[in-house]
Amino acid sequence: MTWTINTLGVLQGELHATEGDGQIVDDCARILGGTAAHTTLTRDGDRLGLAQLTTTWRDVPVLVWSSYPEAPAGGAL
């Protein structure tokens, strides 16, 4: 996961994962507070999972997200 602070002062964590299910964002939610949202995007038969967390930690706005490959409906990767 790569962490940066953008020009608006938002702490951002992002990860383009090659495996997994966005668990790292759930872990950040457990530590920083908040609830991670998960969704699946489909385009041309490819499925991509996306997990995102938006919260505030010690008065600092935080945005964490991860993309990851999602298994096709009813099948393995």
Side-chain angles (χ1 to χ4, degrees):
M1 177 161 284
T2 302
W3 292 93
T4 58
I5 298 176
N6 71 18
T7 56
L8 299 174
V10 176
L11 177 62
Q12 290 182 245
E14 63 181 67
L15 175 68
H16 299 275
T18 57
E19 62 184 20
D21 60 0
Q23 180 63 41
I24 193 163
V25 178
D26 294 321
D27 293 342
C28 288
R30 184 176 39 80
I31 293 166
L32 302 174
T35 302
H38 292 257
T39 190
T40 302
L41 309 168
T42 303
R43 184 172 142 198
D44 297 330
D46 291 331
R47 291 169 49 97
L48 179 72
L50 182 65
Q52 180 175 329
L53 168 68
T54 303
T55 191
T56 302
W57 183 72
R58 296 188 180 180
D59 297 325
V60 176
V62 179
L63 171 63
V64 182
W65 66 269
S66 175
S67 61
Y68 50 92
E70 183 73 28
L77 287 175

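Heavy atoms only: backbone and side chains are in, while hydrogens, waters and symmetry mates are out.
If you chain together hydrophobic residues whose side chains sit under 4.5 Å apart, W57 and V10 never meet in one group. A single hydrophobic cluster is seen to contain both M1 and L32, as judged by linkage of ILVMFWY side chains at heavy-atom distances under 4.5 Å, directly or through other members. Put simply, L15 and W3 are part of the same group of oily side chains (I, L, V, M, F, W, Y) that touch within less than 4.5 Å, one to the next.
The nearest pair of heavy atoms linking L50 to W65 is CD1-CE3, 3.8 Å. Residues H16 and S67 come closest through the heavy atom pair ND1-OG, 3.3 Å. Closest of all the heavy-atom pairs between T39 and Y68 is O-OH, 4.4 Å. Considering every non-hydrogen atom in both V64 and C28, the closest pair reads CG1-SG, 4.1 Å. Heavy-atom minimum distance, A29 versus A36: CB-N, 4.0 Å. V60 and G9 make their closest contact through CG1-O, 4.0 Å (heavy atoms, listed as atom of the first residue, atom of the second, distance).
Residue pairs meeting the salt bridge (Lys or Arg N to Asp or Glu O under 4.0 Å) criterion with at least one partner in residues 6-24, sequence neighbours excluded, are absent.
Checked by atom type and distance alone, the side chain of T55 pairs as donor or acceptor with a backbone atom of G33 at under 3.5 Å.
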* Quick one: do V25 and Q23 satisfy side chain to side chain contact (heavy atoms under 4.5 Å, CB included)? Show the steps, please. => CA-CA 5 Å; V25 178; Q23 180 63 41; over 6 Å; no
* **Stepwise side chain to side chain contact (heavy atoms under 4.5 Å, CB included) check, E70 with D46** => CA-CA 8 Å; E70 183 73 28; D46 291 331; over 6 Å; no
* Which is it for Q52 and L63 under the side chain to side chain contact (heavy atoms under 4.5 Å, CB included) test, yes or no, and what are the steps along the way? -> CA-CA 7 Å; Q52 180 175 329; L63 171 63; 3.5 Å; yes
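Of the charged side-chain nitrogens involved, at least one lies within less than 4.0 Å of a carboxylate oxygen, so that D27 and R30 count as a salt-bridged pair.
Summarising the geometry, atom CG belonging to D26 is positioned 11.0 Å from atom CD1 belonging to I31; distances are rounded to the nearest 0.5 Å.
Scored by the side chain to side chain donor-acceptor pair (under 3.5 Å) test, N6 finds Q12 as partners (sequence neighbours excluded).
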